[in-house]
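A, B, ... follow the sequence lines: proteins, then strands. Residue 1 opens every chain.
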Number of protein chains: 2
Amino acid sequence: MNKMTTRARPLRADAVRNREKILAAAATVFARRGLDATLDEVALEAGVGVGTVYRRFPDKDTLIGALFENAVDEIATIALSAYEAENSWDGLVWFLSEALQRQCVNRGLREIVIGAPYARERMESVKCRIAPAITQLIERAQRDGFLRDDVVSADFAILEMMISSLGCMTEEFSPDLWRRYLTIVLDGLVVKREHPTSLEQPLDESVAEEALRLKSRHVLRVH
Amino acid sequence: MNKMTTRARPLRADAVRNREKILAAAATVFARRGLDATLDEVALEAGVGVGTVYRRFPDKDTLIGALFENAVDEIATIALSAYEAENSWDGLVWFLSEALQRQCVNRGLREIVIGAPYARERMESVKCRIAPAITQLIERAQRDGFLRDDVVSADFAILEMMISSLGCMTEEFSPDLWRRYLTIVLDGLVVKREHPTSLEQPLDESVAEEALRLKSRHVLRVH
DNA sequence: TTTCAAGTGGAGTTACCAACTCCGTTTACC
DNA sequence: GGTAAACGGAGTTGGTAACTCCACTTGAAA
């Protein structure tokens, strides 16, 4: 049972090329502008007409689903691999860094992860693999005496959302600034410590200025 | 030179009453729904027609300006009072709690503070008083050896934005949940500690569930 | 009590935006 | 060279929000 079963004839060569161009363009556009970007923008970026986009993907949901299933799955895989680390705290930190890295670089992915109203059902199953993996990471780090005992997995979902929202805001002028706040939060999550963990990512004058100016352009919208 | 100078006749009695109703309604609506709420909503809440709202306040900006100038000024006052505290760490924590409390309960205020595109110029002068006051709070807490040395005032603006955005999201079902994350962040900001500070605000099963569901309705929008 | 400027309500106007369709034209491939 | 598939992009549909207009109502001055 192959693709031929569902499609009498294969796509024409130019159609295949355009399909690739559309997917690539959509990846770029949704990463940069989030899931609110229009398919007109995707078409423009791909160098094709909107009609062509809608011929290949019946609606926005389908395109978004096709685009992000892998990326979400990758995060699940990272959560599972993190459990392999011999040090449970390092594993937890590694997972957070890797997951946040991907979300901060890609606004569309971030919105899918926090549950934006696109391709919901399609993502549901993939996301179901993530939650238990994180719970295990957390509980092991608590048993080992690294992570404070009074936090649960929902706390991590919330902290991740907070940090990734910041990451997406500051991505254009200081793409790693979010790491600074991840470090501070981690210093708040550890059971005890003698010194602050050094903040690798600096916040120099010009970046600070831009951060204060640019955050004003970002507003929370409720659907 | 009194009000009569600028207005030939005083407002009619019913007009004065309506003006008050409009201001009260606007306070309610903008607090609950943020500055994106329409003046139609304000009129509905006030029990008057939209025309009446526009007769009193020529545009949305003017109404928002009239409404939030005091609230922002109050935050500046809190920052100044916090410097009076004998313990510099307690003063800093008190300022953050009080400022965040007001912003989490009032989405409109939060958006004004982070610089939403309404009544910008009018707020500029008031907000200018806040930044230096915070800088002083921070530097004193650092001199006293409480606050880690590697953070600056822009960090606090960013952390405040992160926490208040969460507060506004969860306000309807767990109005103090944000305090949980403020505590964690503060535990990350202190120079050193032996134990985690206890999280006063619990995150029970049902709240956790709702937090994960509801956050999906909130999306970051760039203007 | 009359008079009328001030005030009112809310349907309507204007302007915008995004998802998606339609159809005359072009193109790959048999 | 014939033709079904593919294409482009103007146009349609449906929605939203800021703000206006005007026939009607009302407070208060004379």
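For A:R55, there are no side chain to side chain donor-acceptor pair (under 3.5 Å) partners two or more places apart in sequence or in a different chain.
Ion pairing between A:D73 and A:R129 holds under the 4.0 Å rule for side-chain N and carboxylate O. Salt-bridge formation is not detected for the pair A:E171/A:R110: no Lys NZ or Arg NE/NH1/NH2 atom is positioned less than 4.0 Å from an Asp or Glu carboxylate oxygen.
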Taking only nitrogen or oxygen atoms into account, show me every contact under 3.5 Å that the protein makes with nucleotides 12-18 of chain D, one pair per line with its distance.
unit_1, atom_1, unit_2, atom_2, d
D:dA18, OP1, B:K60, NZ, 2.5

All N/O contacts under 3.5 Å from nucleotides 26-29 of chain D to the protein, with atom names and distances to one decimal?
unit_1, atom_1, unit_2, atom_2, d
D:dT26, O2, B:R12, NH1, 3.2
D:dG27, O4', B:R12, NE, 3.3
D:dA28, OP1, B:A13, N, 3.3

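The side chain of B:N18 contributes no N or O atom lying less than 4.0 Å from OP1 or OP2 of C:dG7.
Here C:dC23 presents its P atom at 14 Å from CZ of A:R55, a figure rounded to the nearest Å. Going from atom CG of A:L44 over to atom P of D:dA10 covers 12 Å, rounded to whole Å. When the P atom of C:dC20 is taken as reference, atom CZ of A:R56 falls 17 Å away, rounded to whole Å.
Atom CZ of A:F173 and atom CD of A:E210 lie 5.5 Å apart (nearest 0.5 Å).
Judged by distance alone, the side chain of B:R56 and the main-chain N or O of B:T52 form no donor-acceptor pair under 3.5 Å.
A heavy atom closer than 4.0 Å to some atom of DNA chain C occurs in no member of residues 45-52 of chain A.
The salt bridge (charged side-chain N to carboxylate O under 4.0 Å, His left out) analysis of residues 21-30 of chain B, with sequence neighbours excluded, yields no pairs.
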In residues 154-161 of chain A, what donor-acceptor pairs under 3.5 Å come from side-chain atoms, sequence neighbours left out?
unit_1, atom_1, unit_2, atom_2, d
A:D155, OD1, B:R180, NE, 2.8
A:D155, OD1, B:Y181, OH, 2.5
A:D155, OD2, A:V152, N, 2.8
A:D155, OD2, B:R180, NH2, 2.7
A:E160, OE2, A:Q103, NE2, 2.7

